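The block underneath contains the structure these notes are about, expressed in structure tokens.
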2 protein chains.
Amino acid sequence: MADESTLPRGVRALWHGPETGRRGPKPTTSVQEIAEHAIALADAEGLEAASLAAVASRLGLTTMSLYRYVDSRDDLRAVMVDVAMGPLTLTRRSWRRRLEEWAHADFAQLMAHPWILDVHDPEPPVGPNMLAWTDAGMGVLLDAGLDPQTASSSLLAVDGLARHSAQIVRQYSVSGADAAWANRLREVVDADRLPALHAVLTAGALEDEDGLETDLDVGLGLLLDGIAARLER
Amino acid sequence: MADESTLPRGVRALWHGPETGRRGPKPTTSVQEIAEHAIALADAEGLEAASLAAVASRLGLTTMSLYRYVDSRDDLRAVMVDVAMGPLTLTRRSWRRRLEEWAHADFAQLMAHPWILDVHDPEPPVGPNMLAWTDAGMGVLLDAGLDPQTASSSLLAVDGLARHSAQIVRQYSVSGADAAWANRLREVVDADRLPALHAVLTAGALEDEDGLETDLDVGLGLLLDGIAARLER
DNA sequence: GGTCATTGTGTAGGTCATAAACAGAATGTA
DNA sequence: TACATTCTGTTTATGACCTACACAATGACC
């Protein structure tokens, strides 16, 4: 068989759909279905809960049968991320509005599926949805008039901001809820050794729930202003 | 014994140093030493290689003995991150220069120890070095005249940018080196379905090594401009 | 009707984190 | 000095995880 594809089995299936006209028994499930169950597990109990064994058991299959659909755990995770991010549609407004939409949609997906932040493929994602997101973001910035290199760097900054904001919100909501983290900090932060941090803490900047949710918008505002300035140059 | 600390054993040891005047046998090693060996393993072969068993074996100890120094694997990882980030010293120049220093130092540490990006504590870091970094960054922005809330959001944006840039550089250098990733993309990116991405790819924006290294500076420029504009307001 | 690629399964091995119980060492106290 | 206490490192054991391999059943194609 002439298999020159360098894509792992799972991700390849996301692009090409179920292969047709094959011999042997019909598959009883699909990469999409596997991904959905894995996502449900990860949403409920974190990425570690979406083990091959757990996913297979949810589907009424054995662990090993999943390897007929996915090359490895990493492949499964790449598939999960691509499916969880889903498709993206932007309106047709100004570049600034569209980039805000892009960032907010990114952030929203990360908040809906926080375990995405725990998936660290050593290679860049190549699933259809992930590339569609990249394409959409690049499209906005190229339309705005940026050169490809700057557009790429700028989109990277926006994505980095969205991801890091989601990460921080998650950390503070997990640990802020029962105030364990606040106690830890008080155990250790002292006004002499860490004056600036102490000042920010007493100002309550980190404990304000709404404050956390606007981190993204503040940072986004800074970035968009910077991009606008570069466009006028 | 009155142990009211909420900090895990390993991180607490980073703050207080080795406890003195204790009974029982002298410890044969220390949290710092453990961290150094774990870091060496992670630097060489990735975070997964720094398992408790591997670290213990490097020290000539059994796996279980590490639990005398560290509460859990997560605790060990928090310690590793804090030690690997190390201390930070900033010069005394303008806020803009100092924030650039902060971001470049952050980025440099992440490039030296890329596995830091793979560590996802569910709670925010509370080690001495991590908090010193935060304090230093906050200090720059507060000195510049930002209010605590905006300072916090801005530092978060800078950190997010540095981390995401490091992540991207790592992904592209791992996969770009043998061009496997480029082949995967060509297998799938088509000028009709993903026009903007196709344009950026043919412009070579993603393959240029120097381009990757300046992503941080481009994004940083955008953010600093945005902060400067906010200060003049 | 036979060939054979493909599917799900059973087995088995290796790694990992971590709990529990124990023997020895160093300190403090009587 | 003798004993009690407390901390050390170890041994042993458990359960979860990923995955390589061999096998039997399936069904499309020649």
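Just so it is clear, the structure is predicted and the values come from calculations on it, not from any experiment. Side-chain atoms are counted along with the backbone in the values below, which use heavy atoms only and exclude waters and symmetry mates. Per chain, numbering begins at 1; letters A, B, ... match sequence-line order.
A salt bridge between Asp190(B) and Arg193(B) is present, with a side-chain N of the basic residue lying under 4.0 Å from a carboxylate O of the acidic one.
In this structure, Glu48(B) places its CD atom where only 12 or fewer heavy-atom neighbours from other residues, nucleotides or ligands lie under 6.0 Å away.
Tyr67(A) has no side-chain polar atom (N or O) that falls below the 4.0 Å cut-off from OP1 or OP2 of dT7(C). The side chain of Thr62(A) places an N or O atom within less than 4.0 Å of a non-bridging phosphate oxygen (OP1 or OP2) of dT9(C). Proximity of Ser65(A) to the phosphate of dT7(C): no side-chain N or O atom is located under 4.0 Å from OP1 or OP2. Between Thr28(B) and the phosphate of dG9(D), there is a side-chain N or O to OP1/OP2 separation shorter than 4.0 Å. Proximity of Tyr69(A) to the phosphate of dG8(C): a side-chain N or O atom is located under 4.0 Å from OP1 or OP2. The phosphate of dC29(D) has neither OP1 nor OP2 within less than 4.0 Å of any side-chain N or O from Arg23(A). For Lys26(B), a side-chain nitrogen or oxygen approaches OP1 or OP2 of dT27(C) to under 4.0 Å.
Going from atom CG of Asp71(B) over to atom C1' of dA19(C) covers 14 Å, rounded to whole Å. Spacing between atom CG of Leu66(B) and atom P of dT11(D) amounts to 14 Å, rounded to whole angstrom units. In this structure, the CG atom of Leu41(A) is 11 Å from the P atom of dC17(D), given to the nearest Å. Counting to the nearest Å, the P atom of dT27(C) and the CD atom of Glu19(B) are 15 Å from each other. What separates CE of Met64(A) from C1' of dT19(D) is a distance of 6 Å, to the nearest Å. Taking atom CZ on Arg22(A) and atom C1' on dG8(C), their separation rounds to 14 Å, with Å as the unit. Rounded to whole angstrom, the span from the CZ atom of Arg9(B) across to the C1' atom of dC7(D) amounts to 10 Å. Rounded to whole Å, atom P of dA17(C) lies 10 Å from atom CG of Leu47(B).
Proximity of Tyr69(B) to Arg9(B): side-chain heavy atoms (C-beta onward) are nowhere separated by under 4.5 Å.
Across all strands shown, Arg68(A) has heavy atoms under 4.0 Å from base atoms, whether or not it also approaches the sugar-phosphate. Using a 4.0 Å heavy-atom distance criterion, Thr63(A) is classed as a base contact.
Nearest-nucleotide assignment on DNA chain C puts the 5′-proximal partner with Leu61(A), out of Leu61(A) and Leu52(B). Comparing Ala53(B) and Pro25(B), the nucleotide of DNA chain C nearest to each residue sits closer to the 5' end for Ala53(B).
Checking Asp43(A) against Trp115(A) by side-chain atom types alone, a donor-acceptor pair falls below 3.5 Å. With 3.5 Å as the limit, one finds no donor-acceptor pair spanning the side chains of Asp215(B) and Ser165(B).
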